[in-house]
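Please read all numbers here as calculations on a predicted model, not as lab measurements.
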Amino acid sequence: MKRAMYRNATIAAATGLMLAAGLGLAACTPAQDGGAGKAQGGSSPSAWNQTPVIEAAQVVGREVRLSGSAQPGARIVLRSAAGAAYAAVAGDDGRFDLRMEAPAQDLWLKPETQVGQDAAPSPDTLLIPASGQGPIAVLRAGGPTRRLDRAPTLGAIDSDGQARRLAGRTAQGTQTLPVQVGEMSVQAFPDAAGNWNVVLGPEASGDRVVIGDQTFVWPGQGEAVGQTPRRERAGEGWRVVWAEGGALQTAWLPDVR
């Protein structure tokens, strides 16, 4: 994550992070544990297969409703390390809709697309909190965490112990967004949907983050010890600790205000 964050250590607008909800969703059939099989014949993922993108999430009662986009006609599978799998089929427009019962424990899912014998895994990890209560987020090593729940202007702070990436969403049409971390002031440049992110190097000291009229206090990186992945309370928010490719990742998700 460190190399990726430094390689992108410039102020940059987030791209492709639309959190659209309810836009012409295609029908699907969820599959429970073991209901989604792996690609047959040991085929390697096709470079032409589009990996699925989870774009929106909604908790209705005890049900979690997910929607997103993928390759038209593809089978989308969300798979946990414990073996639970949930599946949907994208419509001709590439849209899919998937519903599941809110999990009793935090659920960590890896999306993948299956087209014929090819499987294209996504680099993302989807976190659905226990009972659907708390931040629903898409995590990616080296990239900004995306909040799918209703979040404040600052959706997440990703950290590798050196660099920090701040990301969130503001009103559409916003041209610039002032961000202050400690004594350092920078400008974020939101994209057309209002998504923004900035990367700060180790010279950006201080835990107090001010964005517009909102102030946040980052509780720090946290300890590397303990079970991963995990979600724990930290300050006025949740700290998420997980690993990708053997590298430890952390993200702090501020409480909704």
Side-chain angles (χ1 to χ4, degrees), residues 17-38 51-70 74-91 93-114 121-122 124-140 145-152 154-156 168-169 226-242 249-257:
L17 304 182
M18 287 289 286
L19 306 182
L23 300 179
L25 301 176
C28 70
T29 303
Q32 295 302 317
D33 295 10
K38 294 183 179 179
T51 59
V53 178
I54 308 299
E55 297 174 342
Q58 183 181 18
V59 179
V60 180
R62 295 189 53 81
E63 185 178 66
V64 178
R65 301 176 181 179
L66 304 172
S67 60
S69 60
R75 179 176 172 82
I76 295 88
V77 180
L78 306 182
R79 196 185 304 277
S80 76
Y86 308 86
V89 176
D93 58 356
R95 304 294 306 175
F96 67 87
D97 185 19
L98 190 154
R99 299 184 180 188
M100 66 175 70
E101 184 178 352
Q105 303 294 329
D106 290 349
L107 185 61
W108 308 78
L109 297 170
K110 295 292 292 185
E112 67 179 42
T113 296
Q114 294 180 355
S122 168
D124 296 335
T125 297
L126 173 65
L127 167 61
I128 301 177
S131 302
Q133 301 301 307
I136 300 176
V138 176
L139 312 167
R140 175 178 292 191
T145 292
R146 292 193 289 118
R147 293 277 292 270
L148 302 184
D149 61 316
R150 184 174 64 87
L154 174 63
R169 190 177 186 186
Q227 176 185 354
T228 57
R230 69 178 187 269
R231 183 177 64 109
E232 59 194 18
R233 284 298 295 176
E236 295 184 354
W238 292 90
R239 181 188 293 119
V240 176
V241 183
W242 55 293
Q249 319 286 329
T250 70
W252 181 63
L253 314 177
D255 291 335
V256 177
R257 300 182 177 184

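For T145, the side-chain hydrogen bond (donor to acceptor under 3.5 Å, both in side chains) test picks out D158, with sequence neighbours left out. For V241, the side-chain contact (heavy atoms from CB on, under 4.5 Å) criterion is met by T228, R230, E232, R239, L248, T250, not counting sequence neighbours. Listed by chain and number, the residues in a salt bridge (charged side-chain N to carboxylate O under 4.0 Å, His left out) with E236 amount to none (sequence neighbours excluded). Taking the side-chain contact (heavy atoms from CB on, under 4.5 Å) definition, one finds that S69 meets it with Q50, V53, E55, R95, sequence neighbours left out. Residues passing the salt bridge (charged side-chain N to carboxylate O under 4.0 Å, His left out) test with R62, sequence neighbours excluded: E101.
Contact detail for A70 and T113: the closest heavy-atom pair is CB-OG1, 4.4 Å. A251 and L139 get closest at one heavy-atom pair: CB-CD2, 4.5 Å.
With contacts defined as side-chain heavy-atom distances shorter than 4.5 Å, the pair L98/I76 does not qualify. For the pair P121 and T51, the minimum side-chain heavy-atom distance is 4.5 Å or more. Side-chain contact between R99 and V60 is absent, with no heavy-atom pair separated by less than 4.5 Å. The shortest distance between side-chain heavy atoms of L66 and L126 falls below 4.5 Å. In this structure, the side chains of P152 and R147 come closer than 4.5 Å at one or more pairs of heavy atoms.
Here the CG-CD1 distance, from L253 to I136, works out to 11.5 Å after rounding to the nearest 0.5 Å. Here the CZ atom belonging to R75 is positioned 9.5 Å from the CD atom belonging to E112, to the nearest 0.5 angstrom.
Under the 3.5 Å distance criterion, the side-chain polar atoms of R233 are matched with a main-chain donor or acceptor of G237. A donor-acceptor pair under 3.5 Å is absent between the side-chain atoms of W238 and the main chain of P135, judged by distance alone.
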Identify every side-chain donor-acceptor pair in residues 102-110 under 3.5 Å, counting partners at least two apart or on other chains, and give the distances.
residue	atom	partner	partner atom	Å
D106	OD1	A130	N	2.8
D106	OD1	R231	NE	3.4
D106	OD1	R231	NH2	3.0
D106	OD2	R231	NE	3.0
K110	NZ	D124	O	3.0
K110	NZ	T125	OG1	3.4

